[in-house]
> 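Pasting in a structure now, in structure tokens, and then I'll have a few things to ask.
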Amino acid sequence: MDAVEECGSGHPGTAMSLAPAAFLLFQRFLRHDPTDPNWAGRDRFVLSCGHSSLTLYIQLYLSGYPLALDDLKKLRKWGSLTPGHPEHGHTAGVETTTGPLGQGIANAVGMAMAARRERGLYDPDAAPGQSPFDHTVWAFCSDGDIEEGISHEASSLAAHQRLGNLILMYDDNHISIEDDTAIALSEDVRARYEAYGWDVHHVDWTVNGDYEENVGRLAEAFAAAKAETARPSFIALRTIIGWPAPNKKNTGKIHGSAMGAEEIAATKRIMGQNPEKSFNVPDEVLAHAREVSDRGRALHAEWNTGYEAWRSANPDRAAEFDRISKRELPAGWTDKLPVFEAGKDLATRAASGEVLTALAPVLPELWGGSADLAESNNTTMKGEPSFIPEEFQTKEFPGHRYGRTLHFGVREHAMGAIMNGIALHGGTRPYGGTFLIFSDYMRPAVRLAALMKLPVTYVWTHDSIGLGEDGPTHQPVEHLWALRAIPGLDVVRPADANETAVAWRTVLEHTDRPAGLALTRQKLPTYERGSDFASAEGVTKGGYVLVDASGGQPKVILIATGSEVQLAVQARETLEAEGTPTRVVSMPCVEWFDAQDEAYKQEVLPHAVRARVSVEAGVALGWRTYVGEAGESISLEHFGASADYKTLFEQFGITAERVVAAAKSSLIKAGPNDEGRGSTTGN
């Protein structure tokens with residue numbers, strides 16, 4: 001109450017009613033060590049209802065994490081460790097950035113999946129509960145979380161995966177911003193989770209008509225859920241939001257705004273506290289709460305005994321664990337990357353699939369799959385088992401609980417957030433595939449991956465109208481620039497198979513950001529490197545001179561990405577034959593190019609060459625930055641159509657001939673005194 005009042009904004013109600021549950025969890029059930037927030041053997045706690053950030057911040061403070069009472073006084077203020085919603089990497093003890101509702105549920109599912117995969121990599125034969133890699137993922141969620149569609153996607157998959165290491169507690173308080181949730185919510189949430197196949201518990205603190213914070217009953221539910229290891233557990237806790245505030249409890253007003261001095265004073269009197277004191281934490285209360293640090297250190301020491309025994313018995317696995325934990329890549333891993341034969345046409349999605357299969361033996365941490373599009377996305381490493389309970393393996397996809405190939409089902413949004421959870425957990429590195437058009441379904445999770453700087457890789461195939469007959473519903477037009485607008489996300493659109501291999505290598509070498517590979521359905525030419533065509537190593541810099549102008553001094557520069565690079569190459573041949581020195585720049589990743597120093601950028605795109613053309617089968621939106629005021633853009637400023645890709649490119653004017661015409665237009669605009677424009681009679 002005091003923290004929100006001090007700030008003037010925030011969410012006091014849920015933090016008030018969840019305080020007993022959070023205190024119980026942190027004090028008695030959560031395996032954690034406040035003196036080492038990154039302890040590998042810890043349980044994970046996810047506050048999916050991130051608006052109730054005080055639920056987490058107060059427990060971190062009381063438990064002895066590096067968060068002081070002054071930090072609580074600075075809630076939601078500039079430079080504080082207590083931002084409005086918890087932020088991973090900003091505040092010790094915060095496992096994930098939550099705010100958009102439902103994301104945390106899916107993050108927790110990803111963490112539980114990662115924990116199982118990690119155990120399979122390092123200690124698969126240990127008895128249940130006896131491995132240093134056995135731990136529990138706990139999560140709290142709210143009405144808003146379970147209303148968001150991502151909760152269905154993630155919860156359904158969690159049940160199917162039999163994630164017995166996942167416990168989700170639902171704060172069933174019947175209140176959201178628009179007051180009583182009856183205005184928009186009437187389903188039986190417990191029945192829904194039972195239908196998924198979760199282990200469901202119910203604790204009602206209103207059961208007798210009065211309100212009794214029966215922490216003992218909740219402890220029984222926590223213990224029962226912890227004991228259930230064959231399926232995830234769901235605990236519905238019926239609370240009254242804002243209890244015991246006399247006038248605002250059980251109302252929407254206490255959900256998301258300060259209570260006011262009078263209501264706070266009245267509430268403190270009910271609780272037997274001095275209404276004149278703010279942020280009052282008696283020494284004996286703090287000392288009692290911080291005894292959990294002793295418990296945590298003892299648990300940590302006990303875990304260390306088992307961990308060191310495991311290391312001694314498994315030195316090779318221990319070395320692998322150390323490497324992967326530091327996000328380091330093994331020596332010589334790039335030697336496994338395929339080199340593709342020139343002259344053979346190959347779709348970049350197919351090249352990507354070959355890269356993944358080649359890397360499987362040397363990068364055990366790399367795992368992933370697709371949103372039911374494996375054959376189309378080429379995301380299955382050949383010969384690798386599926387990550388699936390044995391009873392659900394199929395003839396097409398045999399596997400086991402410790403497998404490698406992920407099957408997200410048609411659940412793109414959950415896939416994105418689950419991959420975030422996998423990356424946050426540590427120990428492995430995920431990728432996930434779908435069509436580029438469906439990156440829209442993933443966007444909130446992609447944005448959070450960028451915000452958290454997570455090394456997650458998206459395999460987005462069918463990257464343009466080049467997918468053809470599926471038509472405009474499946475043809476991404478605005479998506480490339482919409483994704484490029486996300487700060488911290490690398491969008492990579494390679495032009496041929498060898499660019500794809502270098503793109504994968506570069507993405508994997510970056511451990512501090514997510515990346516999306518935009519790959520073709522249609523086959524593309526594989527260029528002969530080393531003669532007229534530069535090495536694909538230029539991909540690492542985001543943009544490079546693929547084919548230079550005769551004499552090395554271009555009059556016009558053609559900048560292209562992906563499948564349209566071949567059009568720029570063809571146009572160059574025409575322009576050169578006509579006597580116009582023409583440079584082709586392949587620009588697979590504008591983010592990587594923009595990160596280069598000015599000298600390199602000037603080398604590739606010299607300021608003196610003002611005649612430029614960009615070529616990309618999507619909206620031109622950001623290309624003006626690169627082509628300048630005299631430049632032209634070959635683009636698609638409307639939706640596509642249903643036809644074969646060759647017809648579409650021709651009908652929509654994305655052709656080599658059109659590139660030639662645009663180059664000539666740009667040359668005119670860039671010429672001195674509009675040279676070449678012609679003149680009028682003046683009449």
Side-chain angles (χ1 to χ4, degrees), residues 320 323-324 326-342 344 346-368 377-382 384 404 419 423 428-433 449 453-461 463 488-520 524 526-530 533-546 561-562 565 586-596 600 604:
E320 195 87 274
R323 175 186 68 78
I324 294 172
K326 291 182 285 189
R327 292 181 176 173
E328 292 179 351
L329 295 164
W333 74 278
T334 58
D335 296 341
K336 297 295 184 180
L337 286 166
V339 176
F340 296 93
E341 180 184 350
K344 180 182 178 182
L346 192 67
T348 53
R349 63 168 176 165
S352 172
E354 292 191 30
V355 170
L356 286 170
T357 295
L359 291 178
V362 290
L363 296 182
E365 65 266 38
L366 186 64
W367 65 313
N377 297 150
N378 293 85
T379 49
T380 304
M381 296 172 171
K382 292 177 182 177
E384 294 293 329
R404 188 171 195 173
M419 287 194 291
T428 60
R429 186 162 178 178
Y431 65 86
K453 302 180 180 179
L454 301 179
V456 173
T457 305
Y458 312 106
V459 181
W460 288 320
T461 69
D463 66 340
L489 172 68
D490 296 336
V491 181
V492 192
R493 191 170 185 242
D496 75 347
N498 287 308
E499 278 202 7
T500 305
V502 176
W504 258 112
R505 189 193 77 201
T506 309
V507 165
L508 292 172
E509 287 172 341
H510 294 159
T511 61
D512 61 348
R513 69 193 94 160
L517 295 165
L519 306 172
T520 66
L524 303 180
T526 304
Y527 297 114
E528 179 74 54
R529 305 284 178 163
F533 290 86
S535 166
E537 284 297 309
V539 169
T540 64
K541 295 187 175 181
Y544 68 105
V545 178
L546 176 64
T561 76
V565 169
S586 177
M587 185 80 79
C589 182
V590 298
E591 293 83 12
W592 296 346
F593 183 74
D594 288 344
Q596 304 308 311
Y600 177 78
V604 175

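In what follows, every heavy atom counts, from backbone to side chain, and hydrogens, waters and symmetry copies are set aside. Small disclaimer: the values here were computed from a predicted structure and weren't measured.
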> Report the C-alpha distance between Val590 and Val491 in whole Å, list the side-chain angles of each, state the deciding distance to 0.1 Å, and finish with yes or no for side chain to side chain contact (heavy atoms under 4.5 Å, CB included).
CA-CA 8 Å; Val590 298; Val491 181; over 6 Å; no
> With a 4.5 Å limit on heavy-atom distance, are the side chains of Leu454 and Pro514 in contact?
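The answer is no; the side chains never approach within 4.5 Å.
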> Do the side chain of Asn498 and the main chain of Ala536 share a donor and acceptor less than 3.5 angstrom apart?
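Pair absent, no side-chain N/O of Asn498 close to backbone of Ala536.
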> To the nearest 0.5 Å, how far apart are NZ in Lys326 and CD1 in Ile324?
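Result: 11.5 Å between the selected atoms.
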> Using the ring pair (Phe, Tyr, Trp, His ring centres under 6.0 Å) criterion, which residues pair with Tyr431? Sequence neighbours excluded.
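Result, ring pair (Phe, Tyr, Trp, His ring centres under 6.0 Å) vs Tyr431: none returned.
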> Taking all non-hydrogen atoms of both residues, which atom of Glu528 and which atom of Ala342 are closest, and how far apart?
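Nearest heavy atoms, Glu528 then Ala342: OE1-CB, 3.4 Å.
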> At what distance, to the nearest 0.5 angstrom, does NZ of Lys541 lie from CZ of Phe593?
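Lys541 atom NZ to Phe593 atom CZ measures 10.5 Å (nearest 0.5 Å).
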> Tell me, please, which residues at least two apart from Ser586 pass side-chain hydrogen bond (donor to acceptor under 3.5 Å, both in side chains).
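Scan of Ser586 (side-chain hydrogen bond (donor to acceptor under 3.5 Å, both in side chains), adjacent residues dropped) gives Glu499.
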> Sequence neighbours excluded, which residues qualify as side chain to side chain contact (heavy atoms under 4.5 Å, CB included) partners of Glu384?
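Applying side chain to side chain contact (heavy atoms under 4.5 Å, CB included) to Glu384 gives Ala360, Met381, Arg404, Thr405.
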> Can you tell me which residue pairs pass the salt bridge (Lys or Arg N to Asp or Glu O under 4.0 Å) test with a partner in residues 331-340, sequence neighbours excluded?
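Residue pairs passing salt bridge (Lys or Arg N to Asp or Glu O under 4.0 Å), neighbours aside: none found.
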> Check Ala449 against Tyr458 and note the closest heavy-atom contact, atom names and distance.
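For Ala449 versus Tyr458, the nearest heavy atoms are CB-OH, 3.3 Å.
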> Under the side chain to side chain contact (heavy atoms under 4.5 Å, CB included) rule, collect the residues that match up with Asn378, sequence neighbours excluded.
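Asn378 satisfies side chain to side chain contact (heavy atoms under 4.5 Å, CB included) with Arg349 once adjacent residues are dropped.
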> Kindly write out the residues that satisfy ring pair (Phe, Tyr, Trp, His ring centres under 6.0 Å) with Tyr544, not counting sequence neighbours, or none if the list is empty.
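So Tyr544 forms no ring pair (Phe, Tyr, Trp, His ring centres under 6.0 Å) with any residue.
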> Could you report the tightest heavy-atom contact between Ala350 and Leu346, atom names first, then the distance?
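Minimum heavy-atom contact is CB-CD1, 3.9 Å.
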> Listed by chain and number, what are the salt bridge (charged side-chain N to carboxylate O under 4.0 Å, His left out) partners of Arg429, not counting sequence neighbours?
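With neighbours one apart ignored, the set is empty.
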> Can you name the side-chain hydrogen bond (donor to acceptor under 3.5 Å, both in side chains) partners of Asn377, sequence neighbours left out?
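If we apply the side-chain hydrogen bond (donor to acceptor under 3.5 Å, both in side chains) test to Asn377, skipping adjacent residues, the hits are Ser370, Thr461.
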> Output side-chain donor-acceptor pairs under 3.5 Å for residues 501-513, partner residues at least two apart or in another chain, one line each.
from   : atom 1 : to     : atom 2 : distance (Å)
Trp504 : NE1    : Ser352 : OG     : 2.8
Arg505 : NH1    : Glu537 : OE1    : 3.4
Arg505 : NH1    : Glu537 : OE2    : 2.7
Arg505 : NH2    : Glu537 : OE1    : 2.8
Thr506 : OG1    : Val502 : O      : 2.8
Arg513 : NH1    : Asp490 : OD2    : 3.4

> Rounded to the nearest 0.5 Å, how far does CG of Leu356 lie from OG1 of Thr457?
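Taking OG1 in Thr457 and CG in Leu356, the distance rounds to 9.0 Å.
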> Identify the two heavy atoms, one from Val362 and one from Ala358, that lie closest to each other, and give their separation to 0.1 Å.
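For Val362 and Ala358, the tightest heavy-atom pair comes out as CG2-O, 4.5 Å.
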> Applying salt bridge (charged side-chain N to carboxylate O under 4.0 Å, His left out), can you list everything that pairs with Glu591, at least two apart in sequence or on another chain?
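For Glu591 there are no salt bridge (charged side-chain N to carboxylate O under 4.0 Å, His left out) partners, ignoring immediate neighbours.
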> Can you confirm whether Trp333 sits close enough to Leu359 that some side-chain heavy atom of one is under 4.5 Å from a side-chain heavy atom of the other?
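The answer is yes, as the side chains (C-beta and beyond) meet within the 4.5 Å cut-off.
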> Among residues two or more places apart or on two chains, list those pairs meeting side-chain hydrogen bond (donor to acceptor under 3.5 Å, both in side chains) that have a residue in residues 354-366.
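For residues 354-366: Arg323-Glu365.
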> Taking the side chain as everything from C-beta on, heavy atoms only, tell me whether Val459 gets closer than 4.5 Å to Leu519.
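Counting from C-beta outward, Val459 and Leu519 do come under 4.5 Å.
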> Not counting sequence neighbours, which residues clear side-chain hydrogen bond (donor to acceptor under 3.5 Å, both in side chains) with Thr520? List them please.
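So Thr520 forms a side-chain hydrogen bond (donor to acceptor under 3.5 Å, both in side chains) with Thr348.
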> Might you point out which heavy atoms bring Ala495 and Leu524 nearest each other, and give the distance in Å?
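Looking at all heavy atoms of both residues, the closest pair is O-CD1, 3.3 Å.
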> Of the non-hydrogen atoms in Tyr527 and Asp496, which two are nearest, and what is the gap between them?
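Where Tyr527 meets Asp496 most closely, the heavy atoms are N-OD2, 3.1 Å.
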